[in-house]
Amino acid sequence: MMYNFNEIEAKWQNYWSVNKTFHAENSSSKPKYYVLDMFPYPSGAGLHVGHPLGYIASDIYARYKRHKGFNVLHPQGYDSFGLPAEQYAIQTGQHPAVTTEENIKTYRRQLDQMGFSFDWSKELRTSSPEYYKWTQWIFIQLFNSWYNKSTDKATSISALVQIFSAEGNIHVQAVCDESILVFTANEWNAFPTKQQQEILLKYRLTYLAETEVNWCPELGTVLANDEIINGVSERGGYPVVRKKMTQWSMRISAYAERLLQGLNTIDWTDALKESQRNWIGKSVGASVVFNLRDSDAVIEVFTTRPDTIFGVSFMTLAPEHELVSQITTTEQKSAVKAYVVATAKRSERERMADVKSISGVFTGAYAEHPFTKESVPVWIGDYVLAGYGTGAVMAVPCGDQRDYDFAKHFELEIPNIFQGVDISEQAYTDKVNTIISNSDFLNGLPYEEASKKAIETLEIQSHGIGKTNYRLRDAVFSRQRYWGEPFPVFYINGMPQMIAAKHLPITLPKVEKYLPTEEGDPPLGRAEAWAWDSVQNKVVENNRINYESIFPLELNTMPGWAGSSWYFNRYMDVNNSDEFASSKALNYWKEVDLYIGGSEHATGHLLYARFWQKFLFDLDLVPVDEFAKKLINQGMILGNSAFVGRIEGTNTFVSIDKITDETIQWIHADVSFVNSSDELDIAAFKSWRSEFNNATFIADDNLIFKVKREVEKMSKSKYNVVNPDAICEKYGADSLRLYEMFLGPLEQYKPWNTAGISGVHGFLKKLWKLYIGDIGVLVVDSEPSKDHLKTLHKTIKKVTEDIENFSFNTSVSTFMIAVNELSAQKCNSKIILEPILILIAPYAPHIAEELWERLGHKESIATAEFPKFNASHLIEITKSYPISFNGKMRFTMELSLELSKEAVEEAVMANEKTQAQLAGRAPKKVIVVPGKIVNIVS
RNA sequence: GCUCAAGUGGCGGAAUUGGUAGACGCGCUGGAUUCAAAAUCCAGUGACUUCGGUCGUGUGGGUUCGAUUCCCACCUUGAGUACCA
């Protein structure tokens, strides 16, 4: 009987689905374990072999945990709002919901054929109204909250209003817009409603504000910082410009410190934590105020080096700084204006590309040094960024290289305030071994103490204050797109109002076209009928007021990360229509125990999701403030692209070994035309595209045409995509699963090579043959030999360690070794072969189920108990001897021979170096290690 | 520039509280089986060698009886980040 994988896999996939084998209940006597994958965006291209890598790993772990007696939650869903479906809709007029539905069908079929143990009864989609109802609901909670610094948590806005009407805002410690002025209770109570709303908006955790945003004209929408890579959009690579717009923002900055501290409590990779730390960008220092001469204005700067304050010889403002026009003297006006205009013209990209050339202009104004009272010239320069700190710096050329370069370039003074340091060539930026001098009361102090003393003195003299700065900016939350969550927002007199929760969801309306309106409104501006009928009714009814005017609705939609910032909680109770998840479910599952996904989400999804989780935690809506205990980033499987060389300007292709000195243009060829020896199927290539039909080929005499290979990201446009459907068809899902694990460490980037799959496929055939012969099942109730037991327990030990360490690649090798050994030992004992199957089941579930059934089991192998390891089968006779050597050193020897202590000692003494040959024994080599050792070699 | 990760056969990769380097697989070579092929099985496969051995984990040093593993410097590649005051 042959190993008929296609039949077996279909059979068991159907069995699991019919029997709901992987359904998880929200209560159990077993301990819980939650294994989560980052859910996919269902793109039109379907899955390629690179996509399921992380899913296979998480599936192995989920199945392993079930064998270990855990109640495992392992769900899957779709992050189904997004740009590609919308771009497609713009081109074809097809509703994104339709294409998304089709794509999901393809995804589901492809996922199912891989044999994943997902609990599909918990499937969710971010674009379904039942789901985004709760995304909208969370938005309302954010709107109705502010961040109280004195309790260090989010609190309701109504509590804030109470404080305002009782005592004003003088005692309120909030993370809020810095432009807020102090007011009393009486003043507050006297403010008109609109003014009160304006003020409250500056406290809310999601707020509407005119901010500088990253506008991508090509995509017609704004982008968050993490959606921009090297000054162009992450999707499509279009240019991005800065633009002032009124947008919804999320006050993530309120959580900067907690997001930073929380990293110490979770088991995520160091690389990932590090990039979140960098993104949050905490720097500790001081805010210093410089008075201006001949002006009432002051310049506030942030510095991390208050110890160097006596080294200040000038100040620099960003060209966009609001004081620039105010302080510039008449003589300097034209020069400054020209510089500001020139800077504004340069795109973000140019400015980034050109960091070396130094430019700037003197404003003519002078500030006053807070301690020496000396005059300090105020310059503007584009090396100072408007967006960081206060957009102004106190320049200390001796201690900062950029200030130094600027000073050299414009021949400004460079006073030296470091003891015994030469600054004639460059700035001295080391702060560890620094002693301050020429600095009045800071003289002789090292960095640490000088900083402290400088801050103290600044505070006493009211010239500054110790301050911590974060690079983390508030996140823009509006997108001028159609295919996203509508905001539950309408406006009265220009002020945003929430639609009552009982009216949620506010569903997406139908529109004629998916483009912005002629007036420049977002696509939802085309949905007039919708805006009027369904929502207006809700708004009016909710407010129980007879409004006469029109209440415009918010026409933007939420960004892609809205839905993905809380979905892990929804899986716990996915069909709940009364709450985003019941507290019973939330308290049972608590958090994700293992989260697997790509590292590209480090500063996007993974940061936003932590932010929302902490917010929900503050409101007592979730039981934990970090949503994922452990996170693993799977690496990417890369494609092995093939290039054919064409002589430039001709239609003649040259085999790579025939190229002489022609100018070659490299063209991607579909990898399916190329065999494992890099030889091109010329006929197939010719008929691929009409332009190649009549091409000529320079190859060797046997018409062997070689292509160039290069490892690249797997992508349709590079014609290097390998489809899992074809692999499953030819080798089976179990082979594919095993092979993807076998390719290399989970976290690593590694190229795909279809040829290698024959190895693991051969292993599965061998495995089959170990259990099933020509006439049926070979396994019998026989006593296992010592060797059999040794192989089994060696394998249990290794595989358990591998799974716990997520080294899935090496356990595949371990299986191969085990099966080879058992075959060679002609093992047919049930006592050995049953546990071996359970070990393999998480990796190759279909074949394991089939063999398990043929061994006479009625229940799925998925519920079988993981075999227990017994070390006594591995160690035959091992003894440890403590031995003194030369009367000093100590050795421990472990031997698998029955040797007397004397014999060992004799061996050690006879071989002072490293090896001892034991006379009169079987040739055993003993390696002796001072302090520890042992190694026996036959 | 900074931060992090990594450099091991023809290829993917094993091996680290320091102890037989190259497990396992691919590929390759030879053999068995076959009319032939596929499939399967067996043997070999780091380099050099006078067949005793010698050299070998990016390069150069160091610690150690012993280093792929630890330390220092450098080179290369990849990833992230970028005038962050």
Side-chain angles (χ1 to χ4, degrees), chain A residues 2 229-231 269-279 281-283 285-286 288 301-306 308 315-316 318 351-358 381-385 387-396 399-403 405-406 429 469-472 599-600 602-603 633 635-636 638 640 676-677 709 711 738-739 742-745 747-763 765-766 769 798 807 809-818 820 823 885 889 911-915 925-938:
Chain A
M2 292 289 291
I229 313 249
N230 292 331
T269 60
D270 289 339
L272 200 139
K273 288 190 193 179
E274 197 56 32
S275 63
Q276 289 210 348
R277 284 193 192 104
N278 289 339
W279 193 261
K282 179 181 184 176
S283 39
V288 185
V301 300
F302 174 75
T303 178
T304 55
R305 295 294 302 272
T308 63
M315 302 188 73
T316 315
R351 233 167 119 169
M352 264 160 55
D354 176 30
V355 293
K356 292 217 177 63
S357 61
I358 295 159
D382 69 358
Y383 80 95
V384 177
L385 302 176
Y388 184 78
T390 60
V393 300
M394 58 175 225
V396 183
D400 183 285
Q401 193 57 44
R402 290 155 308 173
D403 295 343
D405 294 341
F406 196 84
T429 53
N469 220 7
Y470 298 91
R471 198 188 80 118
L472 185 69
S599 57
E600 67 273 20
T603 51
N633 293 127
M636 206 182 278
L638 302 167
N640 202 352
S676 54
S677 310
R709 287 285 197 170
V711 172
L738 279 174
Y739 187 52
F742 183 70
L743 272 177
E747 298 91 336
Q748 202 166 296
Y749 280 57
K750 52 218 170 246
W752 176 266
N753 171 20
T754 303
I757 201 171
S758 64
V760 291
H761 188 63
F763 155 74
K765 286 201 251 181
K766 245 185 237 176
K769 276 164 70 178
K798 185 69 168 51
S807 310
N809 54 328
T810 48
S811 35
V812 180
S813 298
T814 309
F815 294 141
M816 291 181 179
I817 295 167
N820 280 338
S823 298
F885 181 55
M889 294 183 193
N911 297 274
E912 288 194 7
K913 288 287 177 180
T914 55
Q915 296 181 358
K925 202 156 63 169
V926 181
I927 298 175
V928 181
V929 180
K932 344 183 145 179
I933 285 243
V934 176
N935 237 3
I936 312 299
V937 186
S938 45

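In this text the structure is predicted, and so the values were computed from the model without any measurement. Chain A is the first sequence line, chain B the second, and so forth, proteins listed ahead of strands; every chain is numbered from 1.
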[X] vs [N]: side-chain N/O to OP1/OP2 distance below 4.0 Å:
{"X": "A:Gln748", "N": "B:rA6", "value": "no"}
{"X": "A:Asn753", "N": "B:rC11", "value": "no"}
{"X": "A:Lys765", "N": "B:rA39", "value": "no"}
{"X": "A:Asn820", "N": "B:rG25", "value": "yes"}
{"X": "A:Arg471", "N": "B:rA82", "value": "yes"}

Among the candidates [options], find the nucleotide nearest to the side-chain atoms of [X].
{"X": "A:Leu743", "options": "B:rU81, B:rG12, B:rA14", "answer": "B:rG12"}
{"X": "A:Met816", "options": "B:rG13, B:rC24, B:rA85", "answer": "B:rC24"}
{"X": "A:Phe742", "options": "B:rG12, B:rA85, B:rA23", "answer": "B:rG12"}
{"X": "A:Pro745", "options": "B:rC83, B:rG13, B:rA85", "answer": "B:rG13"}
{"X": "A:Thr810", "options": "B:rA15, B:rC83, B:rA85", "answer": "B:rA15"}
{"X": "A:Ala755", "options": "B:rC26, B:rA39, B:rA85", "answer": "B:rC26"}
{"X": "A:Ser758", "options": "B:rG27, B:rA14, B:rA85", "answer": "B:rG27"}
{"X": "A:Ile817", "options": "B:rA23, B:rC4, B:rG13", "answer": "B:rA23"}
{"X": "A:Leu385", "options": "B:rC84, B:rG13, B:rU40", "answer": "B:rC84"}

Could you please name the partner base of [N], counting Watson-Crick and G-U wobble pairs only when both distances are under 3.5 Å?
{"N": "B:rC55", "result": "B:rG46"}
{"N": "B:rA38", "result": "none"}
{"N": "B:rU76", "result": "B:rA6"}
{"N": "B:rU20", "result": "none"}
{"N": "B:rA85", "result": "none"}

What's the gap between [N] and [M] when it is taken at their [atom1] atoms, as a whole Å value?
{"N": "B:rA73", "M": "B:rA5", "atom1": "P", "answer": "15 Å"}
{"N": "B:rU57", "M": "B:rU3", "atom1": "C1'", "answer": "26 Å"}
{"N": "B:rA15", "M": "B:rU81", "atom1": "C1'", "answer": "34 Å"}
{"N": "B:rU45", "M": "B:rG10", "atom1": "C1'", "answer": "11 Å"}
{"N": "B:rU68", "M": "B:rA23", "atom1": "C1'", "answer": "15 Å"}
{"N": "B:rC42", "M": "B:rU33", "atom1": "P", "answer": "15 Å"}

In whole angstrom, give the distance that lies between atom [atom1] of [X] and atom [atom2] of [N].
{"X": "A:Asn278", "N": "B:rU81", "atom1": "CG", "atom2": "C1'", "result": "7 Å"}
{"X": "A:Asn469", "N": "B:rC84", "atom1": "CG", "atom2": "P", "result": "13 Å"}
{"X": "A:Met636", "N": "B:rA6", "atom1": "CE", "atom2": "P", "result": "19 Å"}
{"X": "A:Glu747", "N": "B:rG78", "atom1": "CD", "atom2": "P", "result": "21 Å"}
{"X": "A:Asn640", "N": "B:rG12", "atom1": "CG", "atom2": "C1'", "result": "11 Å"}
{"X": "A:Arg305", "N": "B:rC84", "atom1": "CZ", "atom2": "P", "result": "14 Å"}
{"X": "A:Phe763", "N": "B:rC26", "atom1": "CZ", "atom2": "P", "result": "13 Å"}
{"X": "A:Asp405", "N": "B:rA85", "atom1": "CG", "atom2": "C1'", "result": "14 Å"}

(message) Within the 3.5 Å criterion, strictly below it, is a donor on A:Tyr383 or A:Asp405 matched to an acceptor on the partner's side chain?
(response)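 A:Asp405 and A:Tyr383 do not have a side-chain donor-acceptor pair below 3.5 Å.
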(request) Would you kindly say whether A:Lys282 and A:Asn469 are connected by a side-chain donor-acceptor distance under 3.5 Å? (result)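 The criterion, which ignores hydrogens and geometry beyond distance, is not satisfied for A:Asn469 and A:Lys282.
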(request) Look at the rings of A:Tyr739 and A:Trp752 and say which category their plane angle falls in: under 30° parallel, 30 to 60° tilted, over 60° perpendicular. (result)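 It falls in the perpendicular class, over 60°.
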Using a 4.0 Å heavy-atom cut-off across all strands, classify [X] as base, sugar-phosphate, or nothing.
{"X": "A:Asn809", "result": "sugar-phosphate"}
{"X": "A:Lys766", "result": "sugar-phosphate"}
{"X": "A:Gln401", "result": "nothing"}

